[in-house]
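We name chains A, B, ... by the order of the sequence lines, and we start the count at 1 in each one. Being a predicted model, the structure only gives us computed values, none of them experimental.
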Amino acid sequence: MARANEVVAALLDEYADLLSITGGEAFKARVYDKAARAIGGHHADVATLDLAALQKIPNVGKSIAEKIIEYFDSGQIQAIEKLRAKIPPGVRALTAIPGLGPKKAMILYEELGISSVDGLEEAIGEGRLAGLRGFGPKTAENLLHGIELLRGETGRSLIDTAMAVAEEIVGAISAVPGCQRCTYAGSLRRMRETIGDVDILAAARDSKPLMDAFVRLPIVAEVIVRGEKKTSVRTTRGLQVDLRVVPLEAWGAALQYFTGSKEHNVRIREIAVRKGLKLSEYGLFRVGDGSLIVSETEEDVYAQLGLAWIPPTLREDRGEVDAALAGELPDLVTLPDIRGDLHTHTNLTDGVSTLEEMLATARARGLRYYAVTDHAKNLPMQRMTDAKMLKQREHLRALASEGRMELLHGTELNIDPDGDVDWDADFLAGFDVCVASVHSHFNQSPEELTRRLVRACENPYVNIIGHPTTRQIGRRAPIDADWDAVFAAAARTGTAMEVNSYPDRLDLPDELILRAKRHRVKFAIDTDSHSTVHLGHLRFGVGLAQRGWLTKDDVITAWPLPKLRTFVARKRRAH
DNA sequence: GCCGTTTTCGGCCCGACTGTTTTCAGTCG
């Protein structure tokens, strides 16, 4: 993904927000919003496109194309600068609070001068919102809850953002003469769902050239500490990155140490102590004479301790050390194991890429089968109809004969408050595979939500429950269902639970994957792509699945297509 | 501001929910 597309998309997004905060034409704001999405999901690097080529991107006309050119020529866009001068950045930050949109943010700013999340919290605490039109006691309460939700992720980045930064820096440091090895470690290597700091590890005899290159990277906004062994910086987007340089002989120990987790390392060091060894970031040593045991790789370190190498995604002290001691580590599913994607969208509903573009990218990524699952008709904003769905199917069938990748026609159904879905059995029978997801009524009671999900599992045409908890990291809490009851129903009915790869969803979360696996549930690692760019998120879903200890037998999208078809057919036959 | 045409102007994704109103605005998906 070209970074330029993300930068431009972020600028247009900001302009759209500023337009709606200042009460400009709603349609204008919406167009900038749509253009931002289209550019973020566009396959070509916008920095290389001229005015005419830019205007071929959907929702980009003359005016927006000129603004993009202006940005690449001058480094800024005047129209945005003008609005920035009027509205403090903190006011826009307020709209990140769930339940607080542009209109209310503007009222808070104009009436009370509130221009930050902290300021809002203080004002609520002091009762200063009382009497403000549109802000009753319930609203104040909801805003406080929204702030809490937002704070839960404060200072942490989504995994795709952190990964992009890490890979850029690893690439740059690796190219410095004298750099013997370089990689990222820490929670990013463990594929945690959100990332606090990015940890980069390098090996070199002389650290100075690496440190020099590091602090000079264009992405670096501020140097926090600068030393011989460790340098910390903050990037232009506020992410802290630490670079540590170690001698090559200690690489294995250092990588093990800096990958963590802390809890995992405590367990590992206990094992070292019992063997008369000492493990630290500087290496593995004999306690008696303090001599360094050469441990150039992690495999060496674990082997010296009598353990099989433990994949980073398992290193959370959730039983992996005992499993390694017993030689019972799971054979985790890997990215090359994934054969298909069963949850994707096109521009027929809310995707930004065409069917052909999605298929071409999926093929290029090596997928063996691919399901198109645009939204079903009960999500009104998507304006799906029976006729549109059937036409898409016909179109897909015509394409199917052209390629080596097998094409499946599916849909993402909406699970309504009672657990029913959009179409009756006759219509559903025409799909090859169906995902069903909760998209509304998140606040039902746990009993209602549980019954709703169980009923969806019991539908013979529902093969996968999409993003089961519906959480959006930092924005929306997971729904509150009796998951053991849901997983039991999924296992009983032959319904897979999704492992959604989208970075702000990552749903099911790892703890729930572990729980579901105990019920012998099957899983579908999907991307839920809305553009060709999103197909690259698959690795995050695989990382999440690994954190849930899944093997390729657990994952239906790692199965050969005939086995998957049997999975679908068996459920239909059983009813 | 974009788009599509019954083109150069008028429509633009639509419905539900929530909390606040006393008939509706704001937010969300």
**Prompt:** What nucleotide, of B:dC2, B:dC13, B:dG19, holds the atom closest to the side chain of A:Arg383?
**Reply:** B:dC13
**Asked** Think A:Asn142 has a side-chain N or O under 4.0 angstrom from the OP1 or OP2 of B:dG19?
**Response** yes
**Prompt:** Counting just side-chain N and O atoms, does A:His441 come under 4.0 Å of either OP1 or OP2 of B:dC17?
**Reply:** yes
**Prompt:** In whole Å, what is the span from the CG atom of A:Asp350 to the C1' atom of B:dC14?
**Reply:** 14 Å
**Message:** How many whole angstroms separate atom CG of A:Leu54 from atom P of B:dG1?
**Reply:** 17 Å
**Prompt:** In chain order, what residues pass the side chain to side chain contact (heavy atoms under 4.5 Å, CB included) check against A:Ala362, with sequence neighbours excluded?
**Reply:** A:Leu367, A:Tyr370, A:Met405, A:Leu535
**Request:** Name all pairs fulfilling the side-chain hydrogen bond (donor to acceptor under 3.5 Å, both in side chains) condition that reach into residues 120-140 of chain A, sequence neighbours left out, sorted by first residue then second.
**Result:** A:Glu121-A:Arg151, A:Glu126-A:Arg128
**Message:** Between A:Lys62 and A:Glu66, does any NZ, NE, NH1 or NH2 come within less than 4.0 Å of an OD or OE carboxylate oxygen?
**Reply:** yes
Return a table of donor-acceptor pairs under 3.5 angstrom between the side chains of residues 87-94 of chain A and protein atoms on other chains or two or more places apart.
| unit_1 | atom_1 | unit_2 | atom_2 | d |
| --- | --- | --- | --- | --- |
| A:Arg92 | NE | A:Asp17 | OD2 | 2.9 |
| A:Arg92 | NH2 | A:Asp17 | OD2 | 3.2 |

**Prompt:** What pairs meet the ring-ring contact (aromatic ring centres under 6.0 Å, His included) rule with one or both residues in residues 93-147 of chain A, with sequence neighbours excluded?
**Reply:** none
**Complete:** A:Glu141 atom CD is separated from B:dT18 atom P, nearest whole Å, by 14 Å
**Request:** Applying ring-ring contact (aromatic ring centres under 6.0 Å, His included), run through A:Trp423 and A:Phe431 and close with a yes or a no.
**Result:** CA-CA 11 Å; A:Trp423 280 295; A:Phe431 291 105; 5.7 Å; yes
**Request:** Quote, to the nearest angstrom, the P distance that separates B:dG10 from B:dC17.
**Result:** 35 Å
**Message:** I'd like the P distance from B:dG11 over to B:dA16, given in whole Å.
**Reply:** 23 Å
**Item:** Rounded distance (Å) that lies between atom P of B:dA16 and atom CG of A:Asn443
**Value:** 17 Å
**Nucleotide opposite B:dT8 in a Watson-Crick or G-U pair, distances under 3.5 Å** = none
**Message:** Measuring only the P atom in each nucleotide, how far is B:dT20 from B:dG15? A whole number of Å is fine.
**Reply:** 26 Å
**Asked** Under the ring-ring contact (aromatic ring centres under 6.0 Å, His included) rule, what pairs show up with a residue in residues 54-88 of chain A, not counting sequence neighbours?
**Response** none
**Prompt:** Is A:Arg476 reaching over with its side chain to a backbone N or O of A:Thr470, donor-acceptor style, under 3.5 angstrom?
**Reply:** yes
**Asked** Whole Å only: how far is the CD atom of A:Gln55 from the P atom of B:dG4?
**Response** 13 Å
**Complete:** Nearest-nucleotide check on DNA chain B, A:Lys138 vs A:Ile57; residue mapping nearer the 5' end is A:Ile57
**Request:** Determine the Euclidean distance between corresponding C1' atoms of B:dC28 and B:dC13; express it in Å to zero decimal places.
**Result:** 13 Å
**Asked** Rounding to a whole Å, what distance do you find between A:Leu132:CG and B:dT21:P?
**Response** 10 Å
**Asked** Taking atom P in both B:dT27 and B:dT21, what distance in whole Å separates the two?
**Response** 15 Å
**Prompt:** To the nearest angstrom, how far is A:Asn59 atom CG from B:dC12 atom C1'?
**Reply:** 10 Å
**Request:** Let me have a per-nucleotide readout for nucleotides 23-29 of chain B, 5' to 3', with B, S or -, counting only protein heavy atoms under 4.0 Å.
**Result:** ---SSSB
**Prompt:** Does a nitrogen or oxygen in the side chain of A:Arg30 sit under 4.0 Å from OP1 or OP2 of B:dC12?
**Reply:** no
**Fill in**
Between CD of A:Gln444 and C1' of B:dC17 the distance, given in whole Å, is 13 Å
